[in-house]
Amino acid sequence: MEQLSLARQLDLVFKELDQELSGLDSGVVFVQIRNNVIGKFGIRHNPITGRDGRMDIEGSGLNDTQRTSFRAMALETLKYKRQWTHGEISYDFTVRQGMILVDATMESNYNMANLMIRYPRTNTYLDSGMGSTS
């Protein structure tokens, strides 16, 4: 996987989720990224809703055109990912009036232990002149 671009990996994710998306008309697709490699991915959704004391299955799911559009929008969001290599991207999707709507959320993750290795150990708080004088 490390040899595949993040875009190609995301394309593979959507191919893997295609059948599941065909049965859903709303939810959240998520991909967890570590070292620019997608590890865990999936869909969060509520396939069954309760109304008036009865449980019903929601909607008919995304059609071929909507799934293709969703995949294209997800790939487009990668243009907004900047320097980070660890994190999660979530795609909140729903169908309204026959159109798929997608909101993307990007979460970058950093590890303080990595910073401690990269930067020399100095008392930056006192060095900045903001330290306590008492």
Single-linkage hydrophobic cluster, 4.5 Å side-chain cutoff, Val29 and Met99 together
no
Could you pull out the closest heavy-atom pair between Val102 and Met73, with the gap in Å?
CG2-CE, 3.6 Å
Look only at the side chain of Asn63 and the backbone of Thr65, and say whether a donor-acceptor pair between them is shorter than 3.5 Å.
yes
Report yes if the side chains of Asn36 and Lys81 come closer than 4.5 Å at any heavy-atom pair, otherwise no.
yes
Side-chain contact test, heavy atoms from C-beta onward, threshold under 4.5 Å: evaluate it for Ile89 versus Leu78 and give yes or no.
yes
Arg8/Asp11 ion pair, N-O < 4.0 Å:
yes
Are Thr105 and Glu107 linked by a side-chain donor-acceptor pair shorter than 3.5 Å?
no
Would you mind reporting whether Leu62 and Leu24 have side-chain heavy atoms less than 4.5 Å apart?
no
Aromatic rings Phe70 and Phe93: how do their planes relate, parallel, tilted or perpendicular, breaks at 30° and 60°?
tilted
At their closest point, which heavy atom of Ser69 faces which heavy atom of Ile100, and how far apart are they?
OG-CG2, 4.0 Å
Is there a side-chain contact between Leu12 and Ile38, using heavy atoms and a 4.5 Å cut-off?
no
Membership question, hydrophobic clusters at under 4.5 Å side-chain separation (ILVMFWY): are Val31 and Ile43 in the same one?
yes
Atom of Ala74, atom of Leu10 and distance for their closest heavy-atom approach
O-CD2, 3.6 Å
Taking C-beta and beyond as the side chain, do Val13 and Glu16 meet within less than 4.5 Å on heavy atoms?
no
Do the non-hydrogen side-chain atoms of Asn111 and His86 ever get within less than 4.5 Å of each other?
no
Glu20 CD to Arg67 CZ distance, which is reported to the nearest 0.5 Å:
12.0 Å
Where Ile33 and Thr85 come nearest, the two heavy atoms and their spacing
CG2-O, 3.4 Å
Ser90 and Arg44: which non-hydrogen atoms are nearest, and at how many Å?
OG-NH1, 4.3 Å
Look at the side-chain heavy atoms of Ile, Leu, Val, Met, Phe, Trp and Tyr, link any pair under 4.5 Å apart, and say whether Leu6 and Tyr110 land in one connected group.
yes
Could you see if Val28 belongs to whatever hydrophobic cluster contains Leu21? Use Ile, Leu, Val, Met, Phe, Trp, Tyr and a side-chain cutoff under 4.5 Å.
no
Quick check against the 3.5 Å criterion: does Gln9 have a side-chain atom that pairs as donor or acceptor with the backbone of Leu4?
yes
Which atom of Asn109 lies closest to which atom of Gly87, heavy atoms considered
OD1-CA, 3.3 Å
Non-hydrogen side-chain atoms of Thr77 and Tyr91 separated by less than 4.5 Å
yes
Are Leu101 and Leu75 linked, directly or through intermediate hydrophobic residues, by side-chain heavy-atom contacts shorter than 4.5 Å (ILVMFWY only)?
no
Euclidean distance, Lys40 NZ relative to Glu88 CD, rounded to 0.5 Å
8.0 Å
